[in-house]
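All remarks here apply to the structure that follows.
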Amino acid sequence: MFHHTPLRYAALVLLASGALFQAFTAQYFGLEILTEILILAMLVLALDMVAGFGGMVSLCHGALMGVGAYGYAVLSTTAGLTPPVAMAAAVGITAGISWVIGAICSRSHGIYFIMATLAFGQMAYSYVFEAPIFGGDDGLGGIERLDLSAVGIDLNDTRTFALFCLVALAAIYGLAVMVLRSGLGRSFSGVMHNEQRMRALGLTVWRVKADVFGLSGMIAGFAGVLAAQHIMYISPGLMAWTVSGEALVVVILGGLGTLVGPLVGAAVFVVLKHELSSLTTYWHLIVGVILIGVVMSRANGIFGFIEDYFAARSKAAVATPKATEVTKDA
Amino acid sequence: MTTDLGFWTLQALNALQLSMLLFLLSVGLTVIFGLMHFVNLAHGALYALGAYFAASVAAVWGYWAAFLLAPVAVAGVGVLLYSGFIQRMRKSGPMAQVLVTFGLIFVLLDMTRIIWGDLPLAIEVPAMLGGRLAFLGVEYPTYRLFIIVLGLVVLAGLAFVLGRTQIGAMIRAGVDNDEMAACLGINVERLFFCVFCVGCALAGLAGAVAAPLLSVSPDMGLQILIPTLIVIVIGGLGSLKGAVAGSLIYGFVQTFGAVLAPQLSSVLIYALLAAVLVIKPVGLFPAKG
């Protein structure tokens, strides 16, 4: 089960104050990067929920984000719904689709689960790529942002939109923590540690998996809606499997199953990407080397490494955070 | 057009040619997985490397030298990967393996861009295999027929080695139960290493063979990766029969789907994969029950 340690609180405070500082002082370009980080952070939070706490390593979260983005774009432009209704509908549709995917894939494990989710993601990608109502490979433009002028907030302002995303991310983080601490979330972790035992306890395993996967998809869909509103233009490239792969990379770089780690990962990844791509066009090479280094070092990402370091320094009986999690669950 | 027999023959040959290319790639990947339980996402990158080596060698010594040298060179890269990363990742879970090889994709992709540049390279079809051949009442490019024949030869060779020789029996024993095989005095580690190299060489061969058909570009490895994974997951990991069945299913569904139902073709194969995974979560012919 997920629980906050002082270190995690400290990291959250640090991240939040960094984001706030950036939101109030940065210029246009800095704000764009901040918004990109915040949206990516929502996506990886959704992925960490299922991958880190239920062992469901999904390669379709990028596509789910795309479903949210396309759902919002089509509903708000072609179907002519007002932005709040379109937002809610898009998030709802994504949640429904991901619940179905989660239910279908709940019987698969390990590499087969990865492949099955990849298949669903690619299915959505190739459909959108060819379907005329989604604009095909041209993408869709002219997407409007949410209109909050009734309460005196203008989201078309870059700074305001970044702050809006920050508030949304905080709310989503709270939601993720709530879900993981609920009975559902505890059963979900139980299923990861021992599926047979949970079944013997009378749990309907596939329902638990599908429910959490649906909630995670809902968050990914919301991230997609915000991404569509942020760039105001979407293309099928948003749904390609490499987006899901990158999201997984961010989760691993940050620290799987720590919820705070992926937030750190998202910030590091986006900043690294922008810094490196201004230096060299071969930034994938460097990201690849870092990824290999992190995975082969056997540390649980950047944040996991810091947690391990502090756990080893303090005189706690349990050496690693992983061990703590297991004993607390048992 | 659909009543014309020649049309069906032509499409069937196209499908077979695609299937054989995918077979060359997927058989290495699937046996590596079956034997080592190792998920090598970088297999597609090795195929791209094969194509690049072939393009470079063909520019100097002609196509046939490339055809022979590219698999050897890719097997050499395989040796480096094995001793550098894969040996150390053997005991880690599938997740760590997927990520390390995902990182390798990034690295290999950018290395090819640094060495060979961003522009696609082209290589000529060898003179001997140029032109068209009248075959079963249709004119078909000789080079594509060559790919089909090559695929069938490799298939026959692998079927013979795996089914009839002692080394094949050792490999099958290793796939079935590696600990038991080790107890019976088989050096499973060395066997793994050899199979891995052969798999890499086959990926290089596929790259060299595909190079004259497609243009050689840095992202060709990424493009072929998903079809290859679909093939081995539909077929079931670890078995030769599965790789054959998966390649044929993919080749025929993809080719005939594109001709008969163009608006559905791209979704069709993924829907098929999802259906297979729902009905048989471990694929059609898994090596282990």
Side-chain angles (χ1 to χ4, degrees), chain A residues 51-52 55 57 59 100-101 103-132 240-242 244-246 248-249 251-253 256 280-298 300-301, chain B residues 33 37-39 41-42 45 84-85 88-89 92-111 113-114 118 218-219 222 225-227 229-230 232-234 236-237 262-283 286:
Chain A
V57 182
L59 266 186
V100 173
I101 294 178
I104 293 175
C105 299
S106 62
R107 281 203 303 158
S108 308
H109 295 96
I111 188 68
Y112 285 97
F113 183 83
I114 298 179
M115 286 297 122
T117 50
L118 179 69
F120 282 108
Q122 285 294 101
M123 221 190 295
Y125 168 72
S126 25
Y127 182 69
V128 164
F129 198 83
E130 312 229 320
W241 75 276
T242 40
S244 308
E246 261 178 19
L248 200 55
V249 168
V251 171
I252 299 302
L253 279 184
L256 180 75
T280 160
T281 54
Y282 303 114
W283 65 272
H284 268 122
L285 179 73
I286 299 164
V287 171
V289 170
I290 294 175
L291 176 65
I292 294 172
V294 167
V295 178
M296 290 192 71
S297 72
R298 277 157 213 273
N300 183 16
Chain B
F33 185 87
H37 307 285
F38 190 87
V39 190
L41 287 189
F85 305 102
R88 279 176 225 177
M89 299 305 295
S92 326
M95 171 100 163
Q97 296 170 350
V98 163
L99 285 158
V100 164
T101 50
F102 194 69
L104 279 176
I105 292 182
F106 281 162
V107 172
L108 290 172
L109 183 84
D110 269 358
M111 300 259 268
R113 285 176 63 207
I114 290 171
D118 286 330
D219 64 340
L222 216 53
L225 178 65
I226 303 288
L229 291 174
I230 293 178
I232 65 171
V233 173
I234 287 183
L237 291 167
Q263 61 277 29
L264 278 179
S265 69
S266 51
V267 180
L268 210 58
I269 191 70
Y270 298 114
L272 181 73
L273 172 57
V276 167
L277 283 172
V278 169
I279 300 162
K280 291 198 79 173
V282 285

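Letters A, B, ... mirror the listed sequences (proteins, then strands); counts begin at 1.
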Open item on the list: Which heavy atom of B:L99 sits nearest to which heavy atom of A:L248, and what is that distance?
Closed with: CD2-CG, 4.3 Å

Open item on the list: Heavy-atom cut-off 4.5 Å, strictly under: side chain, backbone, both or neither for A:V289 against chain B?
Closed with: both

Task: Interchain contact, A:I290 with chain B, by part (heavy-atom threshold 4.5 Å) - done: neither

Task: Nearest-0.5 Å distance, CZ of residue B:F102 to CG of residue A:L59 - done: 7.5 Å

TODO: Over all heavy atoms of both residues, which pair between A:F120 and B:A274 is shortest? Give the atoms and the distance, please.
DONE: CZ-CB, 3.6 Å

Task: B:L225, part contacting chain A, at a heavy-atom distance under 4.5 Å - done: side chain

TODO: With a 4.5 angstrom heavy-atom cut-off, could you sort out which part of B:F33 is near chain A: side chain, backbone, both or neither?
DONE: side chain

- [ ] Scan residues 93-111 of chain B for pairs that pass salt bridge (Lys or Arg N to Asp or Glu O under 4.0 Å), counting only residues two or more places apart or in two chains.
- [x] B:D110-B:R113

TODO: Name the option with the most non-hydrogen atom pairs under 4.5 Å to chain A; the candidates are B:L108, B:I114, B:L229.
DONE: B:I114

Open item on the list: Only pairs of heavy atoms separated by less than 4.5 Å count here; which of A:Y125, A:W241, A:Y127, A:W283 has the most with chain B?
Closed with: A:W241

Task: Contact origin within B:V276 toward chain A - heavy atom pairs under 4.5 Å - done: neither

- [ ] Look up atom CG in B:L109 and atom OH in A:Y282, then write down how far apart they are to the nearest 0.5 Å.
- [x] 10.5 Å

Task: Contacting moiety of A:I114, where chain B heavy atoms sit under 4.5 Å - done: side chain

Task: Max heavy-atom pair count under 4.5 Å with chain B, selected residue of A:L291, A:V295, A:L285 - done: A:L285

TODO: Under 4.5 Å heavy-atom distance to chain B, tell me which part of A:E130 shows up: side chain, backbone, both or neither.
DONE: side chain

Task: Closest non-hydrogen atom pair, B:F85 against A:M296 - done: CD2-SD, 3.4 Å

TODO: Could you tell me which non-hydrogen atom of A:S126 sits nearest to which non-hydrogen atom of B:Y270, and how far apart they are?
DONE: OG-CE1, 3.3 Å

Task: Heavy-atom pairs under 4.5 Å with chain A, option from B:I269, B:I226, B:D118, B:L273 with the top count - done: B:I226

Open item on the list: If you count heavy-atom pairs within less than 4.5 Å of chain B, which of A:V294, A:T281, A:T242 leads?
Closed with: A:T281

- [ ] Please look at B:L268 and chain A and tell me whether the side chain, the backbone, both or neither of the residue comes under 4.5 angstrom of a heavy atom of that chain.
- [x] neither

- [ ] Return the option, out of A:C105, A:S108, A:G245, A:A116, with the maximum number of heavy-atom pairs under 4.5 Å with chain B.
- [x] A:G245

